[in-house]
Amino acid sequence: MTKAQSLWNHGVKIGAIGGVSVLIIALVGMIESFGKRDIISGILPMGIAMALIICILVAYIAANKTPICEKSVKFANAVISGFVTSGFLALLVAIGRSFNIRDMFVGASPALYKALTAGIAGAGGIFLILAVGLICGIFAGILIILNDLPRKLIINALATIFVLGLLQELIIPIFKSWDFGVTNYLGKLFYTQNGLTIFGTVLAAVIYCIISLLWKANQDTIKTTYKDLPKGTRKKVKTFGFFVLAVFLIVLPQFLGLFLSEVLTIVGLYILLGLGLNIVVGYAGLLDLGYVAFFAIGSYVVAILTSPEIFSFGFNFWQALPIAVILGITAGVMLGIPVLKMRGDYLAIATLGFGEIIRILVLSDFLKPWLGGAQGIGAIPNPNFMGFQMVKPQHIYYLILAGCMLVVFISIRLKNSRLGRAWMAMREDEDVAQAMGINLVATKLFAFATGAGFSALSGAIFASKIGSVYPHSFNLFISINVVCLIIIGGIGSLPGVVVGAAVLMGLPELLREFAEYRMFVYGAALVAMMLLRPEGLWPEARHKIELHGDDETQTQTAA
Amino acid sequence: MFQKWKDRVTVTDIVMWMIGGTMLLLCLWGSVSTIRAGLYTSSHWIDFCIFGLAQGSIYALIATGYTMVYGVLKMINFAHGEVFMSGPFTGYFVAMAFWRSDFLDTHPVLGIIVIFGVAMFVSTMIAYFLEKIAYRPLRSAPRLIPLITAIGASFFLQYLFRGLYGSGINAYPDIEILEGFWMIFGIRVLKIQVIVIIAAVLLMLVLYNFIMLTKVGKAIRAVSEDKEAAALMGINVDAMISTTFVIGGMAAGAAGVLYALMFKQVHFFMGFIPGIKAFTAAVLGGIGNIPGAMLGGVFLGLIESVAPALFLDGLGIIAPYQLKDAIAFSMLVMVLIFRPTGILGERLSAKKA
Amino acid sequence: MKNLIRVFIAICFLFSIMAVPAVAGNVVKLEKGEPVHLAYWFVTSGPNTSLGMDSLRGAEIAIEDFGGKLKGHPIKLDGQDSMCGPEGGQAAASKIASDPSVIAAIGSSCSSAAKAGVPILWKMGIPNVSPSNTAPLLTDPASGPDFDGYLRTCHNDNIQGAIAAEFAYSQLGLKKAATIHDGSVYAESLQQVFSDTFVKLGGTITSQEAVSPGDTDMRPVLTKIASGGPQFLYYPMFIAESGHVTRQSKEVSGLENIALMSADGSFSPDFLKAAGKAAEGMYHSSPDFSALGDSYTKFLAKHKAKYGMDPEAPFHAHTYDAVMLILNAIDKVAVVSGDTLTIDRMALNKAMHETKGQKGLTGDLTCDENGDCANPKIAIYKTSMADIKAGKMSPKPFWKKY
């Protein structure tokens, strides 16, 4: 490839891709609506910061992908693509100012152009955009030329600042809630009402650099010391680590305050759901898109038994819970029977249908006298633990934690049992598994039943946490989300479920500003994650080998 | 004879047949009592059928795209509903521009053709880039992984279009020549529904003949049979997969405009439910099989329109149309109990399904 | 190892006991400069966005009119999207409830969201005033203590549904009616009130049908309705589904010429877009703004100046009154000591329930013990071809009872 070709292929083309991405986030309104919040108070609004990050990232990728080793070519590519990216924005501003494109693109508002051009009217603003693009390109070019260590430091320090700015809504209340002199002082030092202070920005970057340098210098010694420990001691260290983790999990909600505890309970419910589906999809390889049905059954059973609204059975939560789980398991078996013969996508659509059927039946006027119809069932009492009402998210958290521990324990035991190995054999190849003497019917039904039981447990807790159940809460998206989270986490892996739930359910809750763009970012993140890390965030060892092994094993992994 | 039969049939088979048989009996009982109660005249039944056919032919068009992609990639293209939405949503702005300038009144046919052109172009582009960005790099990954990218792409596209065009209510303008009724054999039929049915049938015929008769169609079929063998025969597999997406996108775009002309409202979420329905239709007919998808679509449309009145009214179930999706999915499960690979689906081996 | 487990269990137990007591202080303390935090939970996305945005604008104008400050503390308004459904209501209410700085909530837009969300808010001691939930059960004493912290400034559908039935039976003289709802709390209860009243007046209900939200093909269900031969079709649903029914009812034989009627949930210019020409001659019930006085005219001028357009839905004025109701009550119960402001949310709730004769845009507001504060004037509007061309709902009532 000649230099000129590379300039075209890597500089201009990648720049154009970046340009389209920046255009998209500008036109969907992200730059404008995130402009209200500052990363660095008074200097850098979040929207502009995002545009800059894309610009720099694109320039960096362009340079990185250049196959020619000469640094000058790489540098040139970075500058060109940075410039091209900003060119798209400049074009948007130029067109948008002179024609009315707002009838079609609602986001193309004057406020957007003002934010992009820093309020400079006329050609000056457009030149400003181009100049900033050029600077971003040069910055990325310099990063490429630098050595590994300073490059990493600069990139990560910038990322730290961005994250601190992004999560300010979360960090400030934590500082405030402790209400010590020190934390108050720190809070004021780093943050203003809106964004980081300049001093805080610099300080955060410096602190990050110092910590990472210290870690770099010492990480080898720490690792080798641990490795050199005798086996018994290492085990003790591990046990101690587990112990610390347990205490941490128990203490956690006491420090986090209401909102974060609420987020934790949401994540926890999804962990429960994920662990259940993990058995069906991850262990047994049966793609179930109607998983929400059992969640709904669990919720409705608790609602009907405990709420005085429809029937006054007068059960309390603890009496209703086992019934909910047992009925969930029964429903799992009932669904399992008709779909026994179906495979792959036929199974997926049949289960999806089952989920929808349950939701529609619950919603229907026909069953209203028994299930409440569209009006749902309210007034579900909170669980009562030895005379103690669990009202706040902090209290429900313990309930969910207990549930999760139980389910994790069962999952681990099942995985290494005879049944677990039968599931995995079935996942790899049904026909071969049957030939080896595995009873497919029983094995499949067990998988559906176990998954359904966990899901019903989650549903039961959900109903008593939220205090009311409505058919609309049990839509297809819950099933889809749960499938996504176990695959993002790493299919078949228990820690993966936890990580997946935290990332897919927890993060979007934390980034409140993203409310309107939540699904947009979520969708893009799902695609990106699968392209970059198809094995998931915390994969099971076997799957990792499959994905990164040779090609033959890959094509055979029919899930 | 009996011994042979006994060997082949297991307890689960019997349970499954019992479930299927019970559902069948319920349907029959419902139908008989509805008809005996005489709630509806024959003209009502004809109306139900025509409404169902029009809706079903749109499902069939979308399902064709689903099934073709399934044929070549063996994956559920969850984002196909969004491909369907993108075209008519963009076409809406063209339609409104034409309507404001009275172009739609003076040259209605030309105007509608341009709207179709724009919508099909946008849908095609979305489908093409979708494959290129989200699916191609994952072609050799386990099957669940492209499913997740498809779901991700579906969300992304929905909210991209919501961000671009807004989340409010948009409705296509009334086009004079498409309004009103025709009398066909003494039955009053909506013009738009006749047009939708004819257009959908024409498009499907073109599509079917393209796949069956042209060289490119043959290549696509070869790729869906066996990618590696096709590559050895000198077929450019990547290009054929892209072509499949392009064709599927065009069909979806056209279906989208037909849908918009029939129901008027367009919004960012409009593709989701038809997408799921079309997927159901494709599975019902036997996924991977083009005539099957068409059959499945029409069948599903008819079930949605006729079944609630026919099956449930007689059983004394109130507000039966609320349950139409439940009936449709129950029918699906029933069909799959007796034919686990759909109405026209071949008996696939485990590897393929 | 065994010891470890014992210690572990002991610690578990310790912390479960230590867990924060059930009902935490319902008192919010504001330091100097900290804002008085009100949270809204309107619908701000999806097909009913106009309903929520209209309310939000009303709330913003109210805060401006109040002066933006309460006893020296700025008033802060932010919120969540409750999406016009119970699942959105649950999510939005949980988020608001987990923010300890929220003093009172305003919302939701749709009754389904309120039915799910209000108990969640009240569990954390946050009182709520709704500008547009009209479902009767929300202020029904039978709903129980979960709804003690709930008030509303809009009418109760017991009134709206009854007026619709009276209009159809007495004014139009029609004896056979059919209804459709979409499985939302709002539509379901409104059509029930309508049906009950209609039957009581002496009419017959030929069928009560239901569709699912997101359905587009209403023709089959309309054909089924046509088989009963009704003269009047009542479908108090939201914009998208009402639009489909309006259009498609003209295409179903037997329903071409019957009277159509919807309610305030679709009384918006967006509905005219959705229904097109088919909306000609159909009726809506909605609050009567022509009966309001000068203050409403002033409000309209402010609205136009601030947002460059007229209100989009019927509940902006109710929201204005709701915010005023909250702010006046806070003003009454807030205790100033030095720089800090202390607000007891229980006292606030009580004060709001005791509001008497507060001058509002929608009339004088007097709240009863159940939380109904409105002084409702419901009128019937008829859409003409001129309205459709102008893209605005008819400003003049067609019929009113009073």
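Values below: all heavy atoms of this structure, side chains included; hydrogens, waters and symmetry mates excluded. Sequence lines set the chain letters: A, B, ... in the order given, protein chains first and strands last, and positions in each chain run from 1.
Contacts between A/I466 and chain C at a heavy-atom distance below 4.5 Å involve backbone atoms as well as side-chain atoms. Heavy-atom distances place no part of C/S101 under 4.5 Å from chain A, backbone and side chain included. Contacts of C/A135 with chain A are absent, with no heavy-atom separation under 4.5 Å from either backbone or side chain. Contacts of C/S184 with chain A are made by backbone atoms alone, with heavy-atom separations under 4.5 Å and no side-chain atom involved. Looking at C/A210, only its side chain comes within 4.5 Å of chain A, counting heavy atoms on both sides. Using a 4.5 Å cut-off between heavy atoms, A/K235 does not touch chain C at all.
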Kindly list each side-chain donor-acceptor pair under 3.5 angstrom involving residues 474-481 of chain A, sequence neighbours excluded, with atom names and distances?
from: A/N475; atom 1: OD1; to: A/F477; atom 2: N; distance (Å): 3.2
from: A/N475; atom 1: ND2; to: A/H472; atom 2: O; distance (Å): 3.4
from: A/S479; atom 1: OG; to: A/L289; atom 2: O; distance (Å): 3.2
from: A/S479; atom 1: OG; to: A/Y291; atom 2: N; distance (Å): 3.4
from: A/S479; atom 1: OG; to: A/V292; atom 2: N; distance (Å): 3.1
from: A/N481; atom 1: OD1; to: A/Y522; atom 2: OH; distance (Å): 2.7
from: A/N481; atom 1: ND2; to: A/F477; atom 2: O; distance (Å): 3.3

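Residues passing the side-chain contact (heavy atoms from CB on, under 4.5 Å) test with A/V106: none are found, sequence neighbours excluded. With sequence neighbours excluded, no residue satisfies ring-ring contact (aromatic ring centres under 6.0 Å, His included) with A/F366.
Side-chain atoms of C/T134 and C/D157 include a donor-acceptor pair closer than 3.5 Å. Between the side chains of A/D365 and C/H181, at least one donor N or O lies within less than 3.5 Å of an accepting N or O. No side-chain N or O of A/E262 forms a donor-acceptor pair with one of C/S98 less than 3.5 Å apart. Counted by atom type alone, C/Q90 and A/Y470 present zero donor-acceptor pairs between their side chains at under 3.5 Å.
When the heavy atoms of residues 142-150 of chain C are compared with those of chain A, the residues falling under 4.5 Å are C/D146, listed by number.
For the pair C/M53 and C/T44, the minimum side-chain heavy-atom distance is below 4.5 Å.
Of the residues listed (C/V118, C/V185, C/L138, C/T139), the one engaging C/N133 in a side chain to side chain contact (heavy atoms under 4.5 Å, CB included) is C/L138, and it is the only one.
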